[in-house]
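Presented below is the structure to which this report refers.
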Protein chains: 2
Amino acid sequence: MSEKEPTAPRSGERITIREVAQDAGVSVAAVSKVLRDAYGVSDALRAKVRASMEKLSYRPRASARGMRGRTYTIGLIFPDLRNPFFADIYSGVNAALERTQYQAMQGINTTSGALNMTSSALIEAMIDRQMDGLVIIGPNMETQVLTDLGARLPLVVIGQHDRGGDAFDTVNNDDQLGARLVVRYLMGNGYRKIAMLSLSPSNSSIIQQREIGYRLEMMELGAGDAINIVRASQVVRDVQVTVRRLLSGPDRPDAIFCWTDLMAFEAISVATEMGLSIPEDVAIVGYDNTMFCDLAQNSLASVDQSGELLGLQAARMLVERIDGRVTAEHFMVPPRIVARASAGPRQPQD
Amino acid sequence: MSEKEPTAPRSGERITIREVAQDAGVSVAAVSKVLRDAYGVSDALRAKVRASMEKLSYRPRASARGMRGRTYTIGLIFPDLRNPFFADIYSGVNAALERTQYQAMQGINTTSGALNMTSSALIEAMIDRQMDGLVIIGPNMETQVLTDLGARLPLVVIGQHDRGGDAFDTVNNDDQLGARLVVRYLMGNGYRKIAMLSLSPSNSSIIQQREIGYRLEMMELGAGDAINIVRASQVVRDVQVTVRRLLSGPDRPDAIFCWTDLMAFEAISVATEMGLSIPEDVAIVGYDNTMFCDLAQNSLASVDQSGELLGLQAARMLVERIDGRVTAEHFMVPPRIVARASAGPRQPQD
DNA sequence: GAGATTTTGTAGAACGATATACGTAGAACA
DNA sequence: TGTTCTACGTATATCGTTCTACAAAATCTC
């Protein structure tokens, strides 16, 4: 109870490590060791310190920790917030972090266009805030930028097949296989003139992979002549115009393989407005198998890429990197087609 | 160029304020003042320092700033990520923060159930990370908890009508009016047996407000006998069961006013599966006017509560609070009904 | 039982900003 | 010419942790 410190701890202020140390009758360094699970702490001391921390309901401050060590915070960077698929990834990340000291903070990378930028404002902001590592989802930046970034801090990328040496890890579903499954599924149900509604600009490797998968499977199944790739940006208006043009052309496809469920919903909408029936006049398949696929008004066949698993794995790998791994690892989950009415078996033409 | 410092700055390390000061030939304190736009800096000095910061591409570290001052980071807490309405709020917040030094970091408050908790793990994590302030969206916690929280740091709450003295600001749409508009709109289109699909548990004030608005308008328009409120949680399965029960009862409503668009989409799905036509057999109205309402397969009439404006305003108010305002302010935007086919004019019964 | 090794704990200097308190140069005023 | 302001800059303590270096105690080794 003796107050010999020059600065008496003001009441009402937040508890610090110093007060915990004093309460437990040990040094500040000892408390810090317990906090970090560092080497050289006896069970007795650990218990004593833990008890004091509990009693005073002490919580370490990330800023102070960040000055010398880790902040125990990782950054999650999403390309947008409207696609519910990202919610799956998010919940996977959180599940992986549950029992660790780490906490995820998210941001949306709204930079469109400037692909060759050194980095993005959000990423710089995350670095300023001393994130221990980053998970970037569906990056629209060049591999070189990611490689440079990976040299600066632990990095895991979801949705990017190109590798950057040992600079970063990747977590993906097998996009090429996913596209193949879609073509196979549609062909099996009697569709042959399968168009692909892809994404523009197509700088990303997952786009390339899916397009390759589509092309190869079309050729292997003898429909090479029907290959037709059109591209639209994620902007609603753009998707609508593109789909409308595709469906009103002279050689209307009898199925469309869409980049995402979101685009597929737009496609269903446009087709419906044009008076076309799904799947009688045109079958639609999406990608991501988001929760909206199940709704009766959509009944959208889609490719499940287990977002939760992707997130889980990415978070695990990032923590490993933070803990010192310096060689790259790459994780790939198999996609799975989920059949639904939007691409059901084709009725014999009358 | 003289190196008389005891610690020579290691190359490859991040630029610090000290190096900027040295480069500009001024004191560290002067640089700090420029950074904070603090009083007592001449234009000449400011220019000199700015030039050096630019030249060295200096960026202040949030952790270090957080030790004594602000982190220039605010926390955004969402109740979930699946509702695209939150994306609108997010973009409003970002628009408001665009020209400031502040950066938003988000998190999802996944705590379900424990309403009377002192706080939530995410909120504590945000406090640990020295957020300068918090915007909480659609909190499922008691007002007292928010009041306590507001005493700890600047706080703005979106989607909560109950006030907490001067402890926090609120930003809302007029939920009571929104509900009234829906009833008025449906009545105007010939529907009378309007049921309300509300949210459970109904501890939140926005739920109460909407239910009050619904009840009052029903009574005022002479349909008090048709008042029927059913409740479901956000869980998909729960919504389905509730809607199915509602629609298969002996006294089927001819319209359902749903808590959110998401619930409305579920309702459309269930109704469709039951072989009911929309709006002939049952009209559906949602809330939030999310992007999916426009799709032909939904064509969902909804209430627009300008999420972007809500976010914009919340961020502005939060920054004001951080800058010292201590009295509460409350902002309310008027809701607006958006008519669509899901609740179009009723055809005369045959 | 002496030296070597390992385990356990401590002291105190960082980390990179902010903010207080103070010094100094001009300007304004008498 | 001195005095009093005001505007501008600076020196330096401080924030709450981590982490290096080291001391003391316990254990091992032969």
Side-chain angles (χ1 to χ4, degrees), chain A residues 5-10 13-49 52-53 56 58-73 101 127-130 132 322, chain B residues 4-10 13-49 52-53 56 58-73 101 127-130 132 322 324:
Chain A
E5 284 79 358
T7 50
R10 274 174 299 173
E13 293 294 321
R14 192 167 169 151
I15 302 292
T16 73
I17 201 174
R18 224 170 297 274
E19 293 158 70
V20 174
Q22 192 171 343
D23 183 86
V26 299
S27 74
V28 167
V31 178
S32 177
K33 278 190 178 182
V34 171
L35 274 173
R36 290 172 290 130
D37 275 321
Y39 175 82
V41 185
S42 66
D43 290 350
L45 186 135
R46 196 192 329 275
K48 215 165 35 171
V49 170
S52 288
M53 295 197 314
L56 302 175
Y58 164 78
R59 297 184 63 100
R61 291 204 202 184
S63 311
R65 304 182 101 174
M67 292 291 289
R68 307 240 355 151
R70 305 176 183 175
T71 56
Y72 294 94
T73 311
Q101 288 197 66
I127 291 175
D128 295 345
R129 282 156 186 80
Q130 309 263 116
D132 292 336
I322 294 171
Chain B
K4 31 160 70 179
E5 283 79 359
T7 50
R10 274 174 299 174
E13 293 293 321
R14 191 167 170 152
I15 302 293
T16 73
I17 200 174
R18 226 169 297 274
E19 292 157 73
V20 174
Q22 193 171 343
D23 183 87
V26 298
S27 74
V28 167
V31 179
S32 176
K33 278 190 177 181
V34 171
L35 274 172
R36 290 172 288 134
D37 275 321
Y39 174 82
V41 186
S42 66
D43 290 350
L45 185 135
R46 197 193 327 277
K48 213 164 40 173
V49 170
S52 287
M53 295 196 314
L56 303 174
Y58 164 78
R59 295 185 63 99
R61 292 203 201 184
S63 310
R65 304 182 100 174
M67 292 292 289
R68 307 230 6 140
R70 305 177 182 174
T71 56
Y72 294 94
T73 312
Q101 289 199 67
I127 292 175
D128 294 345
R129 282 156 187 81
Q130 309 262 116
D132 291 337
I322 293 171

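Hydrogens, waters and symmetry mates are skipped; everything else that's a heavy atom, side chains included, is used. Each chain gets a letter, A, B and so on, in the order its sequence line appears, and its residues count up from 1.
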Taking only the side-chain heavy atoms of [X] (C-beta and beyond), determine which of [options] contains the nearest atom.
| X | options | answer |
| --- | --- | --- |
| A/K33 | D/dG16, D/dT18, C/dT10 | C/dT10 |
| A/A29 | C/dA19, D/dT18, C/dT10 | C/dT10 |
| B/A30 | D/dT17, D/dT10, C/dA17 | D/dT10 |
| B/L45 | D/dT18, C/dT18, D/dT10 | D/dT10 |
| A/S42 | D/dC19, D/dT10, C/dT8 | C/dT8 |

Check: [Y] main-chain N/O paired with [X] side-chain donor or acceptor under 3.5 Å:
| X | Y | answer |
| --- | --- | --- |
| A/S32 | A/A30 | no |
| B/Q130 | A/S63 | no |
| B/R65 | B/R61 | no |

Does a nitrogen or oxygen in the side chain of [X] sit under 4.0 Å from OP1 or OP2 of [N]?
| X | N | value |
| --- | --- | --- |
| A/R68 | D/dG16 | no |
| A/R61 | D/dC15 | no |
| A/S32 | D/dT18 | yes |
| B/S27 | D/dT10 | yes |
| B/Y39 | D/dA7 | yes |
| B/Y72 | C/dT18 | no |

Whole angstrom is fine here: how far is it from [atom1] in [X] over to [atom2] in [N]?
| X | N | atom1 | atom2 | answer |
| --- | --- | --- | --- | --- |
| A/L35 | D/dC19 | CG | P | 11 Å |
| B/M53 | C/dG16 | CE | P | 17 Å |
| B/R65 | D/dC15 | CZ | C1' | 15 Å |
| B/L56 | C/dG16 | CG | C1' | 15 Å |
| A/D132 | D/dT18 | CG | P | 12 Å |
| B/I17 | D/dA11 | CD1 | P | 14 Å |
| B/D128 | D/dC15 | CG | P | 19 Å |
| B/R36 | C/dA19 | CZ | C1' | 6 Å |

salt_bridge(A/D132, A/R70) N-O dist < 4.0 Å = no
Salt-bridge criterion met for B/R14 and A/D128 (N-O under 4.0 Å) |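 Result for this pair is yes, salt bridge flagged.
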Evaluate the side-chain proximity of A/L35 to A/M53: yes if any heavy-atom separation is below 4.5 Å, no if none is.
->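 A/M53 reaches A/L35 side chain to side chain.
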Which part of the nucleic acid does A/R70 contact within heavy-atom distance under 4.0 Å: base, sugar-phosphate only, or nothing?
-> nothing
Residue whose nearest DNA chain D nucleotide is more 5′ - B/V41 or B/A64 | B/V41
